[in-house]
Amino acid sequence: MEYNFQSIEQQWKKYWNEKEIYKISNNSDKPKCYILDMFPYPSGAGLHVGHPLGYIASDIYARYKRLKGYNVLHPMGYDAFGLPAEQYALETGQHPAVTTKENITRYREQLDKIGFCYDWSREVRTSDPRYYKWTQWIFLQLFHSWYDRQQQKARPIKELIAIFSAEGNQNILCPEADQPVFNAAAWQSFPAHEQRAILMKYRLAYLSHAEVWWCEGLGTVLANDEVVNGVSERGGFPVVKKKMNQWFLRITEYADRLLGALDTLDWSDAMKEMQRNWIGKSNGAQVRFALANEHAIEVFTTRPDTIFGVDFMVLAPEHELVPAITTREQQEAVTQYQTYVQSRSERERISEVKQVTGCFTGAYAIHPFSGKQIPVWISEYVLAGYGTGAIMAVPAGDDRDHAFAKHFNILVTNIFGDHYNGENAYSDKQGTLTNSDFLNGLEISVASEAAIKAIEEAGIGVRKVNYKLRDAGFSRQRYWGEPFPIIYQDNIPYTIDEPELNIPDDLRTLPVTLPEVDSYRPGPEGQGPLANISEWVDTPAGPRETNTMPGYAGSSWYFLRYMDPHNDTAFAGRAATDYWQQVDLYVGGTEHAVGHLLYSRMWTKVLYDLGHLSFDEPFKKLVNQGMIQGSSRFVYRYKNDRNVFVSQEQRTAFLERNNINTGKQALENNFDKLHVDVSLVDGVALNIEGFKQWKPEFATAQFIPEPDGQYICTAEVEKMSKSKYNVVNPDDIVAQYGADTFRMYEMFLGPIDVSKPWDTKGIEGVHRFLKKLWRLYYDVQQGWQVTNDEPSAEELRSIHKTIKKTGEDIERFAFNTAISQFMICVNELTALNCHKHAVLEPLTILIAPFAPHLAEELWHQLGYETSVLDAVFPAVEETYIAEQSKKYPVAINGKTRAELELPTDTTQEQVEQAVLADATVQKWLEGKALKRIIYVKGRMINIVV
RNA sequence: GCGGAUGUGGUGAAAUUGGUAGACACGCCAGACUUAGGAUCUGGUGCCGCGAGGCUUGGGGGUUCGAGUCCCUCCAUCCGCACCA
């Protein structure tokens with residue numbers, strides 16, 4: 001019997017299912033290991049060969065850890081709320097729940113074919129009310145909490161109220177700038193609605209009338225990380241800033257902790273750096289520049305040392321001070337400029353970054369030290385959303401300020417002496433200052449500190465840390481998401497668990513379930529579809545919140561739910577989270593660098609602060625798998641006769657025959673380049689008959705082939721996508737070669753973190769290997785081959801070398817080299833004609849994480865009743881690997897000149913003697929003075945002359 | 001522009017600490033068995049050279065007995081951020 005992967009795989013899948021081999025308990029004496037994949041959004045397109053790459057890697061690692069004696073949690077679920085299902089519902093009227101369920105079924109079928117060891121009894125779906133009950137519950141915790149900056153942790157809002165009642169807010173700096181200080185008496189005198197308005201400015205989940213990204217195309221607002229290059233990440237629709245009443249998460253309060261803890265995480269530098277940049281911490285000072293009238297401009301600067309180089313100031317065009325300070329003469333120009341800025345979309349602004357525009361307000365600020373008059377301008381290069389929305393411009397030290405000064409003929413004060421050449425700003429942070437009063441002659445780094453000190457002493461500013469990170473928008477005007485457990489009573493939002501709310505008890509319980517709707521069209525005035533269902537919206541106390549939560553809500557804590565997925569009294573029991581702790585290994589793509597991964601970290605920290613968890617970082621180690629790209633194929637269609645297809649190399653000759661000028665652009669001008677389905681192409685040779693049948697329009701196609709009769713396509717690497725006809729479905733690969741071959745081939749392709757195009761060709765090599773492995777156990781003629789003979793030294797050496805190497809390789813995620821080692825081992829054992837049980841048993845265990853079905857079959861053929869997954873990863877016996885002697889290359893000054901066989905335990909002195917006794921070496925050394933002999937044990941010998 | 005990474009045969013790639021560069025596989029070449037091969041097996045395969053030998057890890061320089069690996073510099077490609085004060 002040849003290696004029959006189809007029946008083997010079918011049989012063992014059934015066995016695993018029936019015996020519930022992968023079901024994992026929260027009670028075990030074994031050490032725990034939590035290995036997690038980023039759960040997928042179940043899209044309608046299904047999986048292509050790129051998707052399972054990370055899943056296979058984590059599956060191998062999970063199986064390996066099991067063999068190493070760990071209790072391994074390795075779950076899977078679905079990020080089931082999301083925009084595409086709702087967009088689809090808008091087009092077809094199909095309920096998102098229905099399409100989502102269908103997609104999940106399809107995903108599950110595809111995943112099951114690959115043989116993963118997921119504990120499906122722990123599956124989670126974010127759209128399941130039993131799940132989002134706890135997403136809503138966490139929202140309640142966020143709402144009922146504030147961030148204590150002194151203790152650097154979230155605390156219950158009750159404790160804040162107690163502090164306010166006792167001492168007001170003078171010791172509790174408000175995260176929102178416009179909150180005046182009050183004392184205890186004042187607090188108590190405030191009416192209830194005013195107290196609630198103040199508390200809202202402290203809550204970690206808060207309602208605010210603030211600028212958000214509005215996307216008309218999607219009919220909803222988006223979070224910062226969902227806007228890429230001025231368009232929506234999904235769909236690529238334009239976005240605009242709009243002031244709206246929206247829920248936010250106060251993630252900015254966690255900026256410093258999110259930043260600091262990055263150092264403790266085992267993530268790639270690229271990933272950490274992305275988060276650092278997104279958080280964007282910068283140190284500097286906030287300085288107040290008084291104007292001639294009663295106003296003053298607050299600026300943030302990272303270069304307080306350059307304060308004497310301030311030649312002008314710039315406000316963001318939207319800055320609230322602009323109307324107040326603009327002079328009568330400049331009024332018209334300023335209004336005109338503001339209108340111009342507003343007319344420009346985010347995308348235009350980004351694409352024309354280098355243009356210098358601006359307008360003088362007519363106002364002058366007074367330099368706090370020199371008293372100099374400083375003109376105040378507005379310009380779009382100053383962003384309203386960063387710092388204070390105003391800058392002190394130092395053209396001598398900043399490129400943009402310099403360009404602005406040159407463009408508007410503003411005189412530049414040189415504060416850097418010879419460093420500044422009048423042509424370009426000097427933005428280096430080294431050198432001494434000139435023209436700077438009390439900072440003259442100081443090194444820049446020293447001057448910076450001196451300037452901050454002077455600023456603070458003069459009472460015109462303070463040392464300040466600034467972040468780029470913004471609070472995260474948490475409202476979406478959509479249907480297919482978690483409803484908020486919020487009801488508005490007298491226009492004030494209350495959570496449904498608050499006693500102040502006058503509602504019957506049955507409205508107080510979670511989850512607040514998503515109602516059925518007739519239409520997925522948006523509600524009135526930019527509201528979501530839920531606003532249309534008055535019977536759901538209206539409660540005895542007032543209307544419900546009609547927005548839903550964003551996609552990242554459910555995915556910010558799902559890794560916790562897997563620990564205790566069926567718990568109905570908590571998001572996860574404390575015993576479960578204490579047992580499983582952090583995710584030991586998280587595998588997924590880089591696309592979630594600043595979204596999901598940041599939000600998950602924040603939520604974990606909040607739950608930790610509030611005492612619900614014993615750890616405050618969710619993902620200890622993160623591995624990013626690369627993308628598997630598609631390899632597209634193209635045919636060339638003649639534009640003058642759309643029935644004629646010309647093979648790649650024949651195009652120029654074809655044009656010549658038709659008397660067409662073959663200039664530079666000729667090929668592009670005369671041929672359409674069409675994607676052709678990769679399955680219709682063998683390498684680059686087109687299957688002509690298949691092509692004709694592919695689409696009706698090609699049925700009568702004519703071909704101008706190469707001289708050998710083949711039609712040759714061109715190839716390009718692109719993203720794998722349906723529209724490019726380059727999608728390879730894992731189902732097809734599994735059907736043809738089996739899941740085990742598919743798994744191994746994806747890993748054999750190269751390091752998991754590198755992106756590469758899919759190429760089915762090389763899969764034969766891996767498949768051959770599995771067939772070879774099979775033949776170590778079975779012979780087609782003679783049947784079962786395994787004997788109980790004593791293994792030879794050579795056989796033991798081969799298998800133990802492999803145990804050692806593959807164990808190390810799996811630990812460091814070098815699955816490709818581990819597979820290479822298997823191939824070497826099987827080749828060696830085949831050459832030795834080894835069919836011995838004592839050798840094949842450990843080999844079966846080693847191979848099990850990679851080719852679980854085959855390993856299971858072989859394991860039972862070896863005579864075991866239990867699953868190979870319950871076996872123990874074999875230990876390395878170093879004595880079998882150690883060599884008696886070794887051939888050393890002998891180099892003279894680094895150049896190999898001879899070879900010498902020496903026992904492995906040879907000492908330096910013995911080596912020197914042996915080397916000098918060697919005839920070849922003696923010949924090379926003639927007439928040369930020997931300096932020393934370097935002996936690197938097990939590696940090489942080098943003679944220095 | 002800033003930040004991060006990568007650069008090794010025809011191809012995917014190995015080389016864990018500086019120690020025989022190119023393991024393993026694809027592809028290609030030759031051969032065996034075959035009616036046949038897109039099956040299987042064996043051998044060969046970095047480049048130049050008949051050969052001895054020489055050259056070779058993006059280019060240039062450096063440290064070292066010895067560099068793919070460390071340092072400097074330049075170039076190319078990919079990813080992320082981008083008027084962030």
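Syn is the classification of B:G9, since its glycosidic angle stays within 90° of 0.
At a threshold of 4.0 Å, the pair A:Arg276-A:Asp263 counts as salt-bridged, since one of the basic side-chain nitrogens sits closer than that to a carboxylate oxygen. Under a 4.0 Å N-O distance rule, the pair A:Asp809/A:Lys805 qualifies as a salt bridge. For A:Lys241 and A:Glu318, the salt-bridge test fails: no basic side-chain N is under 4.0 Å from an acidic carboxylate O. Between A:Lys804 and A:Glu878 there is a salt bridge, since a side-chain N of the basic residue sits under 4.0 Å from a carboxylate O of the acidic one. The residues A:Asp305 and A:Arg303 are annotated as salt-bridged, a charged nitrogen and a carboxylate oxygen being separated by less than 4.0 angstrom.
For the pair A:Leu749 CG and B:A25 P, the interatomic distance rounds to 16 Å; values are reported in whole Å. Protein atom CD of A:Gln275 is 20 Å distant from nucleotide atom P of B:C79, rounded to whole Å. Here B:C83 presents its P atom at 13 Å from OH of A:Tyr381, a figure rounded to the nearest Å. In this structure, the CH2 atom of A:Trp758 is 15 Å from the P atom of B:C26, given to the nearest Å. Summarising the geometry, the separation between NE2 on A:His767 and C1' on B:A25 is reported as 15 Å, rounded to the nearest angstrom. A:Asp809 places its CG atom 12 Å from the C1' atom of B:A23, with the value rounded to the nearest Å.
Counting any heavy atom pair closer than 4.0 Å across all strands shown, A:Asn816 reaches sugar-phosphate atoms only and no base atom. Here A:Val382 lies in heavy-atom contact (under 4.0 Å) with a base. Within the nucleic acid shown, A:Asp269 comes within 4.0 Å of sugar-phosphate atoms alone, with no base atom in reach, counting heavy atoms only. A:Arg470 comes within contact range of no nucleotide atom at all, as no heavy-atom separation falls under 4.0 Å. Among the heavy atoms of the strands lying under 4.0 Å from A:Ile824 are primed sugar atoms or P, OP1, OP2 only; no base atom is included. Using a 4.0 Å heavy-atom distance criterion, A:Ile934 is classed as a base contact. Residue A:Asp401 is classed as having no contact, given no heavy-atom separation below 4.0 Å to the nucleic acid. In this structure, A:Glu273 reaches the sugar-phosphate backbone alone: every heavy-atom distance under 4.0 Å involves primed, P, OP1 or OP2 atoms, never a base. Using a 4.0 Å heavy-atom cutoff across all strands shown, A:Met940 reaches at least one base atom of the nucleic acid.
Nucleotides B:U64 and B:G49 have their C1' atoms positioned 32 Å apart, rounded to a whole Å. Using C1' as the reference atom, B:C79 and B:G31 are 48 Å apart when rounded to the nearest Å. Comparing the P positions of B:C24 and B:A15 gives an interatomic distance of 14 Å, to the nearest angstrom. The C1' atoms of B:G62 and B:G18 are separated by 15 Å, rounded to the nearest whole Å. Taking the C1' atoms as reference points, B:G7 lies 24 Å from B:U45, given to the whole Å. For the C1' atoms, the distance linking B:G46 with B:G22 amounts to 7 Å, nearest Å. Spacing of P atoms, B:C47 relative to B:G1, comes out at 39 Å, to the nearest Å. Taking the C1' atoms as reference points, B:G59 lies 15 Å from B:G68, given to the whole Å.
For B:A85, the OP1/OP2 oxygens have no side-chain nitrogen or oxygen of A:Arg303 closer than 4.0 Å. Applying the 4.0 Å criterion to OP1 and OP2 of B:G66, one finds that A:Arg932 has every side-chain N and O outside that range. In terms of phosphate contacts, A:Arg812 brings a side-chain nitrogen or oxygen within less than 4.0 Å of OP1 or OP2 of B:A15. Regarding contacts with the backbone of B:G4, every side-chain N or O of A:Arg276 stays at 4.0 angstrom or more from both OP1 and OP2. For A:Lys771, a side-chain nitrogen or oxygen approaches OP1 or OP2 of B:U40 to under 4.0 Å.
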**Request:** List the steps, then state whether side-chain contact (heavy atoms from CB on, under 4.5 Å) holds for A:Ile391 with A:Tyr381.
**Result:** CA-CA 10 Å; A:Ile391 62 159; A:Tyr381 87 89; 3.6 Å; yes

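The aromatic ring centres of A:Tyr340 and A:Tyr337 sit less than 6.0 Å apart. Taking the centre of each ring, A:Phe312 and A:Phe408 stay at or above the 6.0 Å mark. Taking the six-membered ring for Trp, A:His402 and A:Tyr420 have ring centres closer than 6.0 Å. Here A:Tyr467 and A:Trp278 keep their ring centres 6.0 angstrom or further from each other.
Residue order along RNA chain B, read from the 5' end via each residue's closest nucleotide, puts A:Ser755 first among A:Ser755 and A:Val944. Each of A:Pro889 and A:Gly762 has a nearest nucleotide on RNA chain B; the 5'-most of these lies closest to A:Pro889.
Between the side chains of A:Gln648 and A:Tyr711, no donor-acceptor pair of N or O atoms lies under 3.5 Å.
Less than 4.0 Å separates RNA chain B from no heavy atom of any residue of residues 308-317 of chain A.
Looking at every heavy atom in both residues, A:Leu321 comes nearest to A:Ala296 through CD2-O, 3.3 Å. Across all non-hydrogen atoms, the minimal contact from A:Asn726 to A:Val678 is CA-CG2, 3.8 Å.
Here the nucleotide nearest the side chain of A:Lys761, chosen from B:C26, B:A14, B:A13, is B:C26. When distances are taken from the side chain of A:Ile391 to each of B:C41, B:A85, B:A13, the shortest belongs to B:A85. For A:Met274, whose side chain is taken as the heavy atoms from C-beta onward, the closest listed nucleotide among B:G80, B:U17, B:A85 is B:G80. Here the nucleotide nearest the side chain of A:Phe300, chosen from B:G3, B:A85, B:U40, is B:A85. Closest to the A:Arg775 side chain, of the nucleotides B:C24, B:C41, B:A85, is B:C41. Residue A:Lys805 places its side chain closer to B:U16 than to any other of B:G19, B:U16, B:C83. Proximity note for A:Arg768 (side chain, C-beta onward) versus B:G12, B:C26, B:G19: the nearest is B:C26. The side chain of A:Glu808 sits closest to B:U16 out of B:A15, B:C65, B:U16. Listed nucleotides B:C41, B:G19, B:U16 differ in distance to A:Arg939; the shortest reach to its side chain belongs to B:G19. Looking at the side chain of A:Phe748, the nearest of the listed nucleotides B:C24, B:C83, B:G4 is B:C24.
Ring-plane geometry between A:Phe822 and A:Phe769 is classed as parallel, the angle between the planes falling under 30 degrees on a 0 to 90 degree scale with a further cut at 60.
Pairing analysis of RNA chain B (Watson-Crick: purine N1 to pyrimidine N3 plus N6-O4 or O6-N4; G-U wobble: N1-O2 and O6-N3; both under 3.5 Å) yields stems of 3 or more pairs at B:1-7 with B:75-81, B:10-12 with B:24-26, B:27-32 with B:40-45, B:46-48 with B:53-55, B:58-62 with B:70-74.
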